[in-house]
Amino acid sequence: MEQTEVGAAGYQPAVPARHACVYTSCYCEENVWKLCEYIRSYDQYPLEEFFAVFISNERRMIPLWKQQSGRGDEPVIWDYHVVLLHLSSGDQNFIYDLDTVLPFPCPFDIYIEEAFKSDDDLLPEFRRKVRLVRADLYLKTFASDRSHMKDASGHWQKPPPSYPCIETEDAKMNLDDFISMNPKVGWGSVFLLHDFVDLYGRQR
């Protein structure tokens with residue numbers, strides 16, 4: 001197990017080992033917020049090197065491989081997923097995904113190849129887009145009252161985190177603005193998946 005926690009030789013992870021991170025299943029947006037909070041408080045790396053990465057599309061149907069909830073080689077179809085990107089000063093960037101079976105952190109190119117594969121092989125309705133939000137901006141602006149995880153009767157579909165809801169002075173719930181792949185909405189920048197990969201993958 002220890003071997004899977006080593007992203008690449010010489011790279012020091014920015015957060016604790018996977019099992020020691022704050023984690024709640026099906027609340028990936030909050031898990032990443034907590035990773036950003038840890039990085040800000042620990043100050044090992046500049047917070048500006050980190051980005052929350054929201055993955056979705058207009059239909060909110062995106063396949064991801066190598067997820068812990070997956071079965072064998074079959075992808076999981078999420079409405080959205082959130083990971084953390086570290087733009088490292090080394091020759092490789094890193095993805096932190098608490099829901100993957102891949103290493104934590106995982107070298108960017110390995111994560112793209114194993115978890116995303118290629119949009120070229122997918123039907124158009126499953127092709128992915130990415131919203132990239134700087135970690136400091138994410139910590140300042142993100143808010144969720146977790147209402148999206150309640151059914152029509154008000155019951156939790158999945159148990160919520162034990163800590164209080166994340167809110168700002170301006171908002172109690174703006175998760176949809178982050179999931180939206182409309183560049184005119186919300187914070188950060190929206191990319192097609194292949195543009196995101198071209199920007200942050202290892203330069204060949």
Side-chain angles (χ1 to χ4, degrees), residues 1-8 11-42 44-45 47 49-56 60 62-88 92-117 128 130-139 142-144 146 148-149 156-166 175 178-179 188 193 196 200:
M1 182 63 186
E2 284 306 310
Q3 185 179 350
T4 66
E5 301 299 315
V6 179
Y11 177 74
Q12 293 298 316
V15 299
R18 191 192 312 251
H19 65 82
C21 291
V22 176
Y23 175 79
T24 309
S25 178
C26 296
Y27 290 83
C28 54
E29 64 281 354
E30 296 199 32
N31 295 334
V32 167
W33 195 95
K34 285 292 186 180
L35 291 178
C36 294
E37 183 182 54
Y38 178 92
I39 291 163
R40 179 178 63 185
S41 63
Y42 192 63
Q44 176 186 357
Y45 291 104
L47 189 59
E49 294 181 358
F50 294 86
F51 293 79
V53 181
F54 279 74
I55 308 140
S56 192
R60 296 198 179 182
I62 53 139
L64 278 183
W65 284 260
K66 301 293 184 179
Q67 294 283 285
Q68 292 177 14
S69 56
R71 296 182 180 178
D73 292 329
E74 294 299 310
V76 176
I77 306 296
W78 295 118
D79 49 350
Y80 68 96
H81 189 46
V82 191
V83 299
L84 183 70
L85 169 65
H86 182 197
L87 299 184
S88 167
Q92 174 78 261
N93 297 318
F94 288 86
I95 294 284
Y96 291 76
D97 181 0
L98 284 161
D99 293 291
T100 189
V101 298
L102 294 169
F104 181 84
C106 185
F108 185 93
D109 291 349
I110 293 174
Y111 188 89
I112 295 302
E113 183 177 339
E114 297 287 330
F116 280 127
K117 300 188 183 292
R128 283 76 46 102
V130 163
R131 178 181 293 271
L132 205 62
V133 185
R134 257 190 6 239
D136 58 335
L137 186 62
Y138 191 48
L139 287 170
F142 173 76
S144 175
R146 301 169 183 159
H148 65 297
M149 294 301 289
W156 292 110
Q157 299 177 66
K158 296 288 182 181
S162 57
Y163 53 83
C165 291
I166 298 167
L175 175 59
F178 288 91
I179 298 172
L193 180 64
F196 172 69
Y200 299 111

Consider ring pair (Phe, Tyr, Trp, His ring centres under 6.0 Å). Of Phe104, Phe108, Tyr11, which one does His86 pass it with?
Tyr11
Parallel, tilted or perpendicular, judged at 30° and 60°: which one describes the rings of Phe142 and Phe54?
tilted
Measure the acute angle between the ring planes of Phe196 and Phe116, then classify it against the limits of 30° and 60° as parallel, tilted or perpendicular.
perpendicular
Relative to the ring of Phe51, is the ring of Tyr200 parallel (under 30°), tilted (30 to 60°) or perpendicular (over 60°)?
tilted
Check whether any side-chain heavy atom of Val82 lies under 4.5 Å from a side-chain heavy atom of Asn31, and answer yes or no.
no
Just grab all the salt bridge (charged side-chain N to carboxylate O under 4.0 Å, His left out) pairs involving residues 31-40, residues at least two apart or on different chains.
Lys34-Glu37
Report yes or no: is the cationic atom of Arg146 (NZ for Lys, CZ for Arg) under 6.0 Å from the centre of the six-membered ring of Tyr163, at an angle within 45° of the ring normal?
yes
Looking at Tyr45 and Gln12, would you say the former's side chain and the latter's main chain have a donor-acceptor pair under 3.5 Å?
yes
Do any N or O atoms from the side chain of Tyr111 and from the backbone of Leu102 form a donor-acceptor pair under 3.5 angstrom?
no
Backbone of Ile166 reached by a side-chain donor or acceptor of Ser144 within 3.5 Å:
no
Determine whether a donor-acceptor pair (N or O, by modelled atom type, separation under 3.5 Å) exists between the side chain of Arg128 and the backbone of Pro63.
yes
Intermediate values then yes/no, ring pair (Phe, Tyr, Trp, His ring centres under 6.0 Å), Tyr138 and Phe50
CA-CA 10 Å; Tyr138 191 48; Phe50 294 86; over 10 Å; no
Between the side chains of Glu29 and Tyr80, is a donor N or O closer than 3.5 angstrom to an acceptor N or O?
yes
